[in-house]
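Reviewing the structure listed below.
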There are 2 protein chains.
Amino acid sequence: MQNKDDAAPGLRERKKRATRAALADAAVRLAAEHGAENVTVEAISSAAGVSTRTFFNYFDSHDDAFLMIDAEVGKRIRRTVREAPAGLPVLDVLRQAFSAELMDVEERHEIWSLRAKVFQRSPHLLVRGLGAHMAEELELAETVAERLGRAEGEPLGLYPRLVAAVAATAIRVSVEEWCARTPDVAFAVVFRDAFDHLASGLHDPPPGARSGPPTGTDS
Amino acid sequence: MQNKDDAAPGLRERKKRATRAALADAAVRLAAEHGAENVTVEAISSAAGVSTRTFFNYFDSHDDAFLMIDAEVGKRIRRTVREAPAGLPVLDVLRQAFSAELMDVEERHEIWSLRAKVFQRSPHLLVRGLGAHMAEELELAETVAERLGRAEGEPLGLYPRLVAAVAATAIRVSVEEWCARTPDVAFAVVFRDAFDHLASGLHDPPPGARSGPPTGTDS
DNA sequence: CAGATATTTTGCACGTCCTGCATTTTTGCG
DNA sequence: CGCAAAAATGCAGGACGTGCAAAATATCTG
(Lines give C-alpha, C1' and ligand atoms only; values in the text may rest on other atoms or scores of the structure.)
Protein backbone atom coordinates (compact mmCIF):
# COMPACT_ATOMS: atom_id res chain seq x y z
CA MET A 1 0.00 0.00 0.00
CA GLN A 2 2.27 2.74 -1.22
CA ASN A 3 -0.25 5.41 -2.03
CA LYS A 4 -3.94 4.92 -1.63
CA ASP A 5 -4.67 7.80 -3.99
CA ASP A 6 -2.93 6.28 -6.99
CA ALA A 7 -3.47 3.32 -9.21
CA ALA A 8 -5.03 0.98 -6.65
CA PRO A 9 -8.54 2.17 -5.78
CA GLY A 10 -9.54 -1.32 -4.65
CA LEU A 11 -13.07 -2.55 -4.71
CA ARG A 12 -13.78 -1.04 -1.35
CA GLU A 13 -12.56 2.42 -2.20
CA ARG A 14 -14.46 2.35 -5.45
CA LYS A 15 -17.72 1.51 -3.73
CA LYS A 16 -17.20 4.34 -1.29
CA ARG A 17 -16.61 6.83 -4.06
CA ALA A 18 -19.61 5.49 -5.92
CA THR A 19 -21.85 5.86 -2.88
CA ARG A 20 -20.65 9.37 -2.22
CA ALA A 21 -21.10 10.33 -5.84
CA ALA A 22 -24.58 8.81 -5.88
CA LEU A 23 -25.55 10.81 -2.81
CA ALA A 24 -24.12 14.07 -4.13
CA ASP A 25 -25.72 13.54 -7.50
CA ALA A 26 -29.11 12.72 -6.07
CA ALA A 27 -28.87 15.74 -3.80
CA VAL A 28 -28.10 18.18 -6.59
CA ARG A 29 -30.72 16.77 -8.92
CA LEU A 30 -33.47 16.79 -6.34
CA ALA A 31 -32.46 20.26 -5.18
CA ALA A 32 -32.48 21.64 -8.72
CA GLU A 33 -36.07 20.55 -8.98
CA HIS A 34 -37.62 21.15 -5.57
CA GLY A 35 -35.19 23.55 -3.94
CA ALA A 36 -32.51 22.51 -1.51
CA GLU A 37 -34.54 23.31 1.60
CA ASN A 38 -37.35 21.00 0.56
CA VAL A 39 -35.13 17.99 0.00
CA THR A 40 -34.81 15.95 3.17
CA VAL A 41 -31.87 13.77 4.01
CA GLU A 42 -34.21 10.82 3.81
CA ALA A 43 -35.18 11.68 0.24
CA ILE A 44 -31.55 11.95 -0.82
CA SER A 45 -30.56 8.74 0.90
CA SER A 46 -33.53 6.93 -0.52
CA ALA A 47 -32.74 8.14 -4.03
CA ALA A 48 -29.18 6.94 -3.59
CA GLY A 49 -30.31 3.61 -2.19
CA VAL A 50 -28.78 3.85 1.27
CA SER A 51 -30.06 4.53 4.76
CA THR A 52 -30.27 8.01 6.23
CA ARG A 53 -27.69 7.00 8.76
CA THR A 54 -25.23 6.23 5.98
CA PHE A 55 -25.78 9.68 4.56
CA PHE A 56 -24.28 11.12 7.71
CA ASN A 57 -21.36 8.78 7.33
CA TYR A 58 -20.43 10.65 4.16
CA PHE A 59 -21.53 14.20 4.87
CA ASP A 60 -21.36 16.12 8.11
CA SER A 61 -24.57 17.99 7.45
CA HIS A 62 -27.56 18.16 5.20
CA ASP A 63 -26.11 21.07 3.27
CA ASP A 64 -22.72 19.50 2.67
CA ALA A 65 -24.28 17.12 0.16
CA PHE A 66 -24.72 19.96 -2.33
CA LEU A 67 -21.26 21.41 -2.02
CA MET A 68 -18.86 19.05 -3.77
CA ILE A 69 -15.84 19.93 -1.69
CA ASP A 70 -12.57 18.57 -2.98
CA ALA A 71 -9.53 18.90 -0.76
CA GLU A 72 -7.29 17.89 -3.66
CA VAL A 73 -7.90 21.14 -5.48
CA GLY A 74 -6.50 23.24 -2.67
CA LYS A 75 -3.44 21.05 -2.41
CA ARG A 76 -2.71 21.26 -6.10
CA ILE A 77 -3.07 25.03 -6.12
CA ARG A 78 -0.76 25.46 -3.17
CA ARG A 79 1.85 23.21 -4.76
CA THR A 80 1.65 25.18 -7.98
CA VAL A 81 2.19 28.39 -6.04
CA ARG A 82 5.08 26.89 -4.14
CA GLU A 83 6.79 25.66 -7.29
CA ALA A 84 6.29 28.81 -9.32
CA PRO A 85 9.53 30.52 -10.35
CA ALA A 86 10.68 33.03 -7.76
CA GLY A 87 10.49 36.66 -8.70
CA LEU A 88 7.13 36.33 -10.34
CA PRO A 89 4.51 38.65 -8.79
CA VAL A 90 2.28 36.81 -6.35
CA LEU A 91 -0.90 37.95 -8.05
CA ASP A 92 0.24 36.51 -11.37
CA VAL A 93 1.21 33.25 -9.73
CA LEU A 94 -2.23 32.95 -8.17
CA ARG A 95 -3.94 33.82 -11.40
CA GLN A 96 -2.17 31.06 -13.22
CA ALA A 97 -2.60 28.48 -10.46
CA PHE A 98 -6.34 29.04 -10.35
CA SER A 99 -6.64 29.21 -14.10
CA ALA A 100 -5.21 25.73 -14.46
CA GLU A 101 -7.71 24.40 -11.97
CA LEU A 102 -10.76 26.12 -13.38
CA MET A 103 -10.71 24.38 -16.71
CA ASP A 104 -13.02 21.89 -15.06
CA VAL A 105 -15.74 24.52 -14.83
CA GLU A 106 -15.93 24.93 -18.57
CA GLU A 107 -15.52 21.26 -19.32
CA ARG A 108 -18.20 19.92 -17.03
CA HIS A 109 -20.25 22.96 -17.81
CA GLU A 110 -23.51 21.07 -17.41
CA ILE A 111 -23.21 19.97 -13.81
CA TRP A 112 -21.97 23.43 -12.85
CA SER A 113 -25.00 24.96 -14.45
CA LEU A 114 -27.19 22.71 -12.32
CA ARG A 115 -25.34 23.71 -9.19
CA ALA A 116 -25.66 27.35 -10.18
CA LYS A 117 -29.42 26.91 -10.36
CA VAL A 118 -29.47 25.38 -6.90
CA PHE A 119 -27.40 28.21 -5.52
CA GLN A 120 -29.58 30.86 -7.07
CA ARG A 121 -32.56 29.36 -5.35
CA SER A 122 -30.92 29.18 -1.95
CA PRO A 123 -27.99 31.55 -1.59
CA HIS A 124 -27.55 30.21 1.88
CA LEU A 125 -25.77 27.26 0.30
CA LEU A 126 -23.40 29.37 -1.70
CA VAL A 127 -22.36 30.83 1.60
CA ARG A 128 -21.64 27.39 3.00
CA GLY A 129 -19.63 26.65 -0.10
CA LEU A 130 -17.65 29.78 0.35
CA GLY A 131 -17.09 28.88 3.95
CA ALA A 132 -15.67 25.58 2.92
CA HIS A 133 -13.07 27.50 0.98
CA MET A 134 -12.14 29.69 3.92
CA ALA A 135 -9.87 27.13 5.51
CA GLU A 136 -8.26 26.73 2.11
CA GLU A 137 -7.87 30.47 1.95
CA LEU A 138 -5.92 30.52 5.19
CA GLU A 139 -3.61 27.75 4.04
CA LEU A 140 -3.11 29.55 0.78
CA ALA A 141 -2.18 32.67 2.70
CA GLU A 142 0.38 30.59 4.58
CA THR A 143 1.86 29.36 1.34
CA VAL A 144 2.06 32.88 -0.02
CA ALA A 145 3.72 34.07 3.16
CA GLU A 146 6.33 31.34 2.86
CA ARG A 147 6.94 32.25 -0.73
CA LEU A 148 7.59 35.82 0.36
CA GLY A 149 10.22 34.50 2.74
CA ARG A 150 8.58 34.56 6.13
CA ALA A 151 9.53 32.23 8.97
CA GLU A 152 7.19 29.46 10.05
CA GLY A 153 5.89 30.61 13.39
CA GLU A 154 5.64 34.29 12.57
CA PRO A 155 2.21 35.88 12.27
CA LEU A 156 0.88 35.88 8.75
CA GLY A 157 0.92 39.56 8.02
CA LEU A 158 -1.68 41.52 6.17
CA TYR A 159 -0.50 41.12 2.60
CA PRO A 160 -0.57 37.33 2.28
CA ARG A 161 -4.01 37.17 3.83
CA LEU A 162 -5.21 39.89 1.53
CA VAL A 163 -3.99 38.48 -1.80
CA ALA A 164 -5.24 35.01 -0.97
CA ALA A 165 -8.66 36.30 0.07
CA VAL A 166 -9.00 38.77 -2.76
CA ALA A 167 -7.97 36.21 -5.35
CA ALA A 168 -10.55 33.77 -4.01
CA THR A 169 -13.13 36.55 -4.09
CA ALA A 170 -12.24 37.36 -7.67
CA ILE A 171 -12.94 33.78 -8.60
CA ARG A 172 -16.28 33.74 -6.85
CA VAL A 173 -17.31 36.98 -8.52
CA SER A 174 -16.17 35.69 -11.88
CA VAL A 175 -18.33 32.63 -11.47
CA GLU A 176 -21.29 34.74 -10.39
CA GLU A 177 -20.95 37.12 -13.29
CA TRP A 178 -20.43 34.27 -15.70
CA CYS A 179 -23.57 32.56 -14.42
CA ALA A 180 -25.62 35.74 -14.51
CA ARG A 181 -24.79 36.35 -18.15
CA THR A 182 -26.18 34.01 -20.68
CA PRO A 183 -23.01 32.01 -21.03
CA ASP A 184 -22.06 33.21 -24.47
CA VAL A 185 -18.80 34.41 -23.02
CA ALA A 186 -16.01 32.01 -22.18
CA PHE A 187 -15.37 31.79 -18.48
CA ALA A 188 -11.67 32.31 -19.14
CA VAL A 189 -12.42 35.80 -20.43
CA VAL A 190 -14.36 36.92 -17.37
CA PHE A 191 -11.68 35.38 -15.21
CA ARG A 192 -8.91 37.24 -17.04
CA ASP A 193 -10.72 40.56 -16.87
CA ALA A 194 -11.26 40.19 -13.14
CA PHE A 195 -7.59 39.67 -12.45
CA ASP A 196 -6.68 42.50 -14.79
CA HIS A 197 -8.88 44.76 -12.70
CA LEU A 198 -7.12 43.63 -9.55
CA ALA A 199 -3.68 44.13 -11.04
CA SER A 200 -4.45 47.66 -12.13
CA GLY A 201 -5.68 48.79 -8.73
CA LEU A 202 -9.43 48.58 -9.40
CA HIS A 203 -9.52 51.95 -11.07
CA ASP A 204 -12.87 53.01 -12.42
CA PRO A 205 -13.58 51.71 -15.89
CA PRO A 206 -14.42 54.31 -18.54
CA PRO A 207 -18.18 54.80 -18.78
CA GLY A 208 -19.67 52.67 -21.51
CA ALA A 209 -17.11 49.89 -21.33
CA ARG A 210 -19.26 46.82 -20.71
CA SER A 211 -16.92 43.96 -20.10
CA GLY A 212 -13.46 44.62 -21.43
CA PRO A 213 -10.33 44.61 -19.32
CA PRO A 214 -9.61 47.79 -17.38
CA THR A 215 -8.24 50.70 -19.34
CA GLY A 216 -4.62 50.27 -20.22
CA THR A 217 -3.28 51.82 -17.07
CA ASP A 218 -0.76 49.05 -16.77
CA SER A 219 3.01 49.18 -17.20
CA MET B 1 -46.00 57.90 13.32
CA GLN B 2 -43.69 59.78 10.99
CA ASN B 3 -40.64 57.62 11.26
CA LYS B 4 -40.37 54.71 13.61
CA ASP B 5 -36.59 54.92 13.50
CA ASP B 6 -36.37 58.42 14.87
CA ALA B 7 -37.17 60.08 18.12
CA ALA B 8 -40.19 57.98 19.10
CA PRO B 9 -39.11 54.45 19.97
CA GLY B 10 -42.21 53.98 22.10
CA LEU B 11 -42.31 51.77 25.12
CA ARG B 12 -43.14 48.76 23.02
CA GLU B 13 -40.29 49.19 20.56
CA ARG B 14 -37.92 49.74 23.43
CA LYS B 15 -38.89 46.51 25.10
CA LYS B 16 -38.41 44.64 21.86
CA ARG B 17 -34.97 46.06 21.38
CA ALA B 18 -34.14 45.30 24.97
CA THR B 19 -35.25 41.69 24.64
CA ARG B 20 -33.31 41.24 21.43
CA ALA B 21 -30.25 42.82 22.99
CA ALA B 22 -30.59 40.64 26.06
CA LEU B 23 -30.75 37.52 23.93
CA ALA B 24 -27.80 38.52 21.77
CA ASP B 25 -25.79 39.51 24.80
CA ALA B 26 -26.53 36.30 26.66
CA ALA B 27 -25.69 34.31 23.56
CA VAL B 28 -22.31 35.92 23.06
CA ARG B 29 -21.37 35.71 26.71
CA LEU B 30 -22.33 32.07 27.07
CA ALA B 31 -20.62 31.22 23.81
CA ALA B 32 -17.43 32.96 24.80
CA GLU B 33 -17.30 30.71 27.83
CA HIS B 34 -18.59 27.34 26.67
CA GLY B 35 -18.29 27.55 22.89
CA ALA B 36 -21.15 28.40 20.62
CA GLU B 37 -22.00 24.78 19.81
CA ASN B 38 -22.50 23.92 23.46
CA VAL B 39 -24.94 26.72 24.15
CA THR B 40 -28.49 25.60 23.53
CA VAL B 41 -31.30 27.90 22.59
CA GLU B 42 -32.88 27.04 25.88
CA ALA B 43 -29.84 28.23 27.79
CA ILE B 44 -29.80 31.52 25.94
CA SER B 45 -33.50 32.09 26.35
CA SER B 46 -33.33 31.18 29.99
CA ALA B 47 -30.45 33.56 30.59
CA ALA B 48 -32.42 36.30 28.88
CA GLY B 49 -35.55 35.47 30.85
CA VAL B 50 -37.81 34.45 27.98
CA SER B 51 -39.15 31.22 26.59
CA THR B 52 -37.36 29.27 23.91
CA ARG B 53 -40.26 29.94 21.58
CA THR B 54 -39.72 33.65 21.97
CA PHE B 55 -36.11 33.22 20.98
CA PHE B 56 -37.26 32.11 17.58
CA ASN B 57 -39.48 35.16 17.36
CA TYR B 58 -36.33 37.25 17.34
CA PHE B 59 -33.80 35.09 15.49
CA ASP B 60 -34.36 32.81 12.56
CA SER B 61 -31.83 30.28 13.74
CA HIS B 62 -29.67 29.32 16.67
CA ASP B 63 -26.58 30.77 15.02
CA ASP B 64 -28.15 34.11 14.20
CA ALA B 65 -28.07 35.06 17.86
CA PHE B 66 -24.29 35.42 17.72
CA LEU B 67 -24.14 37.43 14.55
CA MET B 68 -25.44 40.88 15.37
CA ILE B 69 -26.74 41.64 11.91
CA ASP B 70 -27.82 45.21 11.41
CA ALA B 71 -29.57 46.07 8.18
CA GLU B 72 -29.14 49.74 8.96
CA VAL B 73 -25.42 49.57 8.37
CA GLY B 74 -25.80 48.45 4.79
CA LYS B 75 -28.36 51.16 4.09
CA ARG B 76 -26.14 53.87 5.51
CA ILE B 77 -23.15 52.69 3.50
CA ARG B 78 -25.11 52.61 0.28
CA ARG B 79 -26.48 56.07 0.89
CA THR B 80 -22.99 57.38 1.57
CA VAL B 81 -21.80 55.87 -1.70
CA ARG B 82 -24.74 57.32 -3.58
CA GLU B 83 -24.22 60.81 -2.16
CA ALA B 84 -20.46 60.88 -2.63
CA PRO B 85 -19.28 63.59 -5.05
CA ALA B 86 -19.15 62.34 -8.61
CA GLY B 87 -15.76 61.90 -10.18
CA LEU B 88 -14.27 60.35 -7.07
CA PRO B 89 -12.81 56.88 -7.71
CA VAL B 90 -15.16 54.15 -6.59
CA LEU B 91 -12.56 52.45 -4.46
CA ASP B 92 -11.94 55.64 -2.51
CA VAL B 93 -15.65 56.15 -2.01
CA LEU B 94 -16.03 52.68 -0.62
CA ARG B 95 -13.04 53.09 1.63
CA GLN B 96 -14.48 56.20 3.17
CA ALA B 97 -18.01 54.82 3.48
CA PHE B 98 -16.79 51.75 5.33
CA SER B 99 -14.36 53.73 7.41
CA ALA B 100 -17.14 55.88 8.81
CA GLU B 101 -19.08 52.79 9.78
CA LEU B 102 -16.19 50.93 11.34
CA MET B 103 -15.53 53.39 14.10
CA ASP B 104 -17.93 51.31 16.12
CA VAL B 105 -15.48 48.42 16.08
CA GLU B 106 -12.86 50.42 17.92
CA GLU B 107 -15.27 52.11 20.25
CA ARG B 108 -17.08 49.03 21.48
CA HIS B 109 -13.79 47.20 21.29
CA GLU B 110 -14.67 44.95 24.21
CA ILE B 111 -17.76 43.28 22.80
CA TRP B 112 -16.03 42.80 19.46
CA SER B 113 -13.17 41.11 21.17
CA LEU B 114 -15.62 38.73 22.77
CA ARG B 115 -17.20 38.00 19.45
CA ALA B 116 -13.78 37.43 17.95
CA LYS B 117 -13.14 34.80 20.60
CA VAL B 118 -16.39 33.09 19.79
CA PHE B 119 -15.57 33.11 16.10
CA GLN B 120 -12.10 31.69 16.66
CA ARG B 121 -13.63 28.79 18.52
CA SER B 122 -16.21 28.04 15.84
CA PRO B 123 -15.28 29.39 12.43
CA HIS B 124 -18.53 27.99 11.18
CA LEU B 125 -20.18 31.07 12.63
CA LEU B 126 -17.86 33.46 10.90
CA VAL B 127 -19.02 31.88 7.71
CA ARG B 128 -22.64 32.52 8.59
CA GLY B 129 -21.73 36.09 9.38
CA LEU B 130 -20.05 36.47 6.05
CA GLY B 131 -23.08 35.03 4.37
CA ALA B 132 -25.27 37.62 5.99
CA HIS B 133 -23.19 40.25 4.29
CA MET B 134 -23.47 38.66 0.87
CA ALA B 135 -26.89 40.05 0.14
CA GLU B 136 -25.54 43.42 1.21
CA GLU B 137 -22.67 42.91 -1.16
CA LEU B 138 -25.02 42.45 -4.10
CA GLU B 139 -26.99 45.56 -3.24
CA LEU B 140 -23.76 47.47 -2.86
CA ALA B 141 -22.74 46.30 -6.32
CA GLU B 142 -26.05 47.63 -7.62
CA THR B 143 -25.40 50.99 -6.04
CA VAL B 144 -21.92 51.12 -7.52
CA ALA B 145 -23.29 50.23 -10.93
CA GLU B 146 -25.82 53.06 -10.70
CA ARG B 147 -23.10 55.45 -9.68
CA LEU B 148 -21.16 54.47 -12.79
CA GLY B 149 -24.20 55.41 -14.82
CA ARG B 150 -25.79 52.13 -15.75
CA ALA B 151 -29.51 51.69 -16.43
CA GLU B 152 -31.73 49.90 -13.94
CA GLY B 153 -32.54 46.64 -15.66
CA GLU B 154 -29.17 46.07 -17.27
CA PRO B 155 -26.99 43.24 -16.01
CA LEU B 156 -24.60 44.32 -13.32
CA GLY B 157 -21.32 43.91 -15.13
CA LEU B 158 -18.12 42.55 -13.75
CA TYR B 159 -16.56 45.67 -12.30
CA PRO B 160 -19.29 46.70 -9.84
CA ARG B 161 -19.53 43.17 -8.51
CA LEU B 162 -15.80 42.98 -8.18
CA VAL B 163 -15.19 46.23 -6.30
CA ALA B 164 -18.05 45.58 -3.93
CA ALA B 165 -16.91 42.03 -3.22
CA VAL B 166 -13.24 42.88 -2.95
CA ALA B 167 -13.91 45.81 -0.65
CA ALA B 168 -15.98 43.59 1.62
CA THR B 169 -13.22 41.01 1.55
CA ALA B 170 -10.66 43.62 2.46
CA ILE B 171 -12.70 44.50 5.52
CA ARG B 172 -13.03 40.90 6.59
CA VAL B 173 -9.30 40.32 6.17
CA SER B 174 -8.54 43.50 8.07
CA VAL B 175 -10.65 42.32 10.98
CA GLU B 176 -9.00 38.91 10.91
CA GLU B 177 -5.51 40.34 10.82
CA TRP B 178 -6.37 42.84 13.51
CA CYS B 179 -7.73 40.10 15.74
CA ALA B 180 -4.78 37.81 15.11
CA ARG B 181 -2.37 40.47 16.21
CA THR B 182 -2.35 41.41 19.84
CA PRO B 183 -4.34 44.55 19.28
CA ASP B 184 -1.55 47.01 19.86
CA VAL B 185 -2.27 48.38 16.39
CA ALA B 186 -5.23 50.59 15.71
CA PHE B 187 -7.77 48.95 13.47
CA ALA B 188 -7.81 52.05 11.31
CA VAL B 189 -4.19 51.43 10.39
CA VAL B 190 -4.73 47.87 9.23
CA PHE B 191 -7.80 49.00 7.37
CA ARG B 192 -5.93 51.78 5.61
CA ASP B 193 -3.06 49.52 4.61
CA ALA B 194 -5.44 46.97 3.15
CA PHE B 195 -7.11 49.50 0.88
CA ASP B 196 -3.73 50.92 -0.08
CA HIS B 197 -2.72 47.47 -1.23
CA LEU B 198 -5.87 47.22 -3.31
CA ALA B 199 -5.39 50.64 -4.86
CA SER B 200 -1.85 49.86 -5.91
CA GLY B 201 -2.73 46.63 -7.67
CA LEU B 202 -1.64 44.19 -4.96
CA HIS B 203 1.98 44.34 -6.00
CA ASP B 204 4.36 42.30 -3.90
CA PRO B 205 5.58 44.13 -0.82
CA PRO B 206 9.34 44.40 -0.42
CA PRO B 207 10.70 41.52 1.68
CA GLY B 208 11.00 42.46 5.31
CA ALA B 209 8.18 44.99 5.35
CA ARG B 210 5.95 43.74 8.13
CA SER B 211 2.85 45.86 8.11
CA GLY B 212 3.37 49.15 6.38
CA PRO B 213 1.45 50.30 3.35
CA PRO B 214 2.60 48.99 0.00
CA THR B 215 5.74 50.48 -1.47
CA GLY B 216 5.16 53.88 -2.89
CA THR B 217 4.27 52.67 -6.35
CA ASP B 218 1.43 55.10 -6.48
CA SER B 219 1.06 58.19 -8.64
C1' DC C 1 -12.06 -22.39 0.00
C1' DA C 2 -12.71 -21.34 5.06
C1' DG C 3 -12.11 -18.54 8.76
C1' DA C 4 -10.27 -14.39 10.93
C1' DT C 5 -10.20 -9.45 10.60
C1' DA C 6 -11.21 -4.86 9.25
C1' DT C 7 -14.47 -1.74 7.35
C1' DT C 8 -18.98 -0.26 6.21
C1' DT C 9 -23.87 -0.18 6.60
C1' DT C 10 -27.77 -0.08 9.23
C1' DG C 11 -31.36 0.43 12.94
C1' DC C 12 -32.46 2.62 17.09
C1' DA C 13 -32.63 5.96 20.63
C1' DC C 14 -31.92 10.49 21.98
C1' DG C 15 -31.23 15.49 22.06
C1' DT C 16 -31.55 19.72 19.61
C1' DC C 17 -33.31 22.80 16.17
C1' DC C 18 -37.16 25.12 14.13
C1' DT C 19 -42.17 25.93 12.76
C1' DG C 20 -47.30 26.43 12.93
C1' DC C 21 -51.20 27.17 15.70
C1' DA C 22 -54.03 28.37 19.51
C1' DT C 23 -53.94 30.68 23.92
C1' DT C 24 -52.55 33.90 27.27
C1' DT C 25 -50.28 38.09 28.64
C1' DT C 26 -48.73 42.72 27.86
C1' DT C 27 -48.92 47.30 25.77
C1' DG C 28 -50.94 51.49 23.84
C1' DC C 29 -54.85 54.41 23.72
C1' DG C 30 -59.40 56.67 24.20
C1' DC D 1 -61.32 51.11 32.91
C1' DG D 2 -61.99 48.51 28.64
C1' DC D 3 -60.61 47.31 24.09
C1' DA D 4 -57.70 46.19 20.11
C1' DA D 5 -53.08 45.25 18.46
C1' DA D 6 -48.83 43.11 19.41
C1' DA D 7 -45.94 40.03 21.82
C1' DA D 8 -44.99 35.87 24.66
C1' DT D 9 -45.95 31.28 25.59
C1' DG D 10 -47.02 26.23 25.44
C1' DC D 11 -47.48 22.37 22.72
C1' DA D 12 -47.24 19.19 18.94
C1' DG D 13 -44.52 17.61 15.31
C1' DG D 14 -41.06 17.18 11.61
C1' DA D 15 -36.25 17.31 10.45
C1' DC D 16 -31.37 17.38 11.65
C1' DG D 17 -27.36 15.17 13.65
C1' DT D 18 -24.78 11.71 16.88
C1' DG D 19 -23.42 7.59 19.62
C1' DC D 20 -23.73 2.78 20.02
C1' DA D 21 -24.04 -1.93 18.94
C1' DA D 22 -25.41 -5.45 15.63
C1' DA D 23 -25.42 -7.12 10.88
C1' DA D 24 -23.44 -7.19 6.24
C1' DT D 25 -19.54 -6.90 3.27
C1' DA D 26 -14.65 -6.65 1.76
C1' DT D 27 -9.83 -7.99 2.52
C1' DC D 28 -6.33 -10.94 4.26
C1' DT D 29 -4.21 -15.40 5.72
C1' DG D 30 -3.44 -20.19 5.79
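Remember, predicted model here, so these are calculated numbers, not experimental data.
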Partner set under side chain to side chain donor-acceptor pair (under 3.5 Å) for A:Q120, not counting sequence neighbours: none
Those residues that, when tested against A:E142, pass side-chain contact (heavy atoms from CB on, under 4.5 Å) (two or more places apart): A:R150, A:L156
Spacing between A:H62 atom NE2 and D:dG14 atom P, to the nearest angstrom: 17 Å
Length of the line joining B:D63:CG and D:dG17:P, which is rounded to integer Å: 11 Å
Pairing residues for A:T52 by the side chain to side chain donor-acceptor pair (under 3.5 Å) criterion, not counting sequence neighbours: none
Non-neighbouring partners of A:S51 that pass side chain to side chain donor-acceptor pair (under 3.5 Å), sequence neighbours left out: A:T54
Do any N or O atoms of the protein come closer than 3.5 Å to N or O atoms of nucleotides 22-24 of chain D, and which pairs are they?
none

Validation row: A:F55, A:E42 side chains within 4.5 angstrom (heavy atoms): no
Residue list, side-chain contact (heavy atoms from CB on, under 4.5 Å) with A:R76, at least two apart or on another chain: A:E72, A:V73, A:R79, A:E101
Qualifying residues under side-chain contact (heavy atoms from CB on, under 4.5 Å), relative to A:E37, sequence neighbours excluded: A:S122, A:H124
Using atom names, set out every protein N or O paired with an N or O of nucleotides 3-10 of chain D below 3.5 Å, distance rounded to 0.1 Å.
unit_1: D:dA5; atom_1: N3; unit_2: B:R12; atom_2: NH2; d: 3.0
unit_1: D:dA6; atom_1: O4'; unit_2: B:R12; atom_2: NH2; d: 3.0
unit_1: D:dA7; atom_1: OP1; unit_2: B:K16; atom_2: NZ; d: 2.9
unit_1: D:dA8; atom_1: OP1; unit_2: B:Y58; atom_2: OH; d: 2.8
unit_1: D:dA8; atom_1: OP2; unit_2: B:Y58; atom_2: OH; d: 3.4
unit_1: D:dT9; atom_1: OP2; unit_2: B:S51; atom_2: N; d: 2.8
unit_1: D:dT9; atom_1: OP2; unit_2: B:S51; atom_2: OG; d: 3.2
unit_1: D:dT9; atom_1: OP2; unit_2: B:T54; atom_2: OG1; d: 2.4
unit_1: D:dT9; atom_1: O5'; unit_2: B:S51; atom_2: OG; d: 3.4
unit_1: D:dG10; atom_1: O6; unit_2: B:R53; atom_2: NE; d: 3.4

Atom-to-atom span, CZ of B:F56 to C1' of C:dT16 - whole angstrom: 9 Å
Distance in angstrom units between A:D60 CG and D:dC16 C1', rounded: 13 Å
Summary of salt bridge (Lys or Arg N to Asp or Glu O under 4.0 Å) pairs that have at least one residue in residues 20-32 of chain A, sequence neighbours excluded: A:D25-A:R29
With sequence neighbours excluded, residues passing ring-ring contact (aromatic ring centres under 6.0 Å, His included) with A:F98: none
Contacts of A:D63 that satisfy salt bridge (charged side-chain N to carboxylate O under 4.0 Å, His left out) - sequence neighbours left out: none
Residues in contact with DNA chain D, drawn from residues 28-42 of chain A - heavy-atom cutoff 4.0 Å: A:T40, A:V41
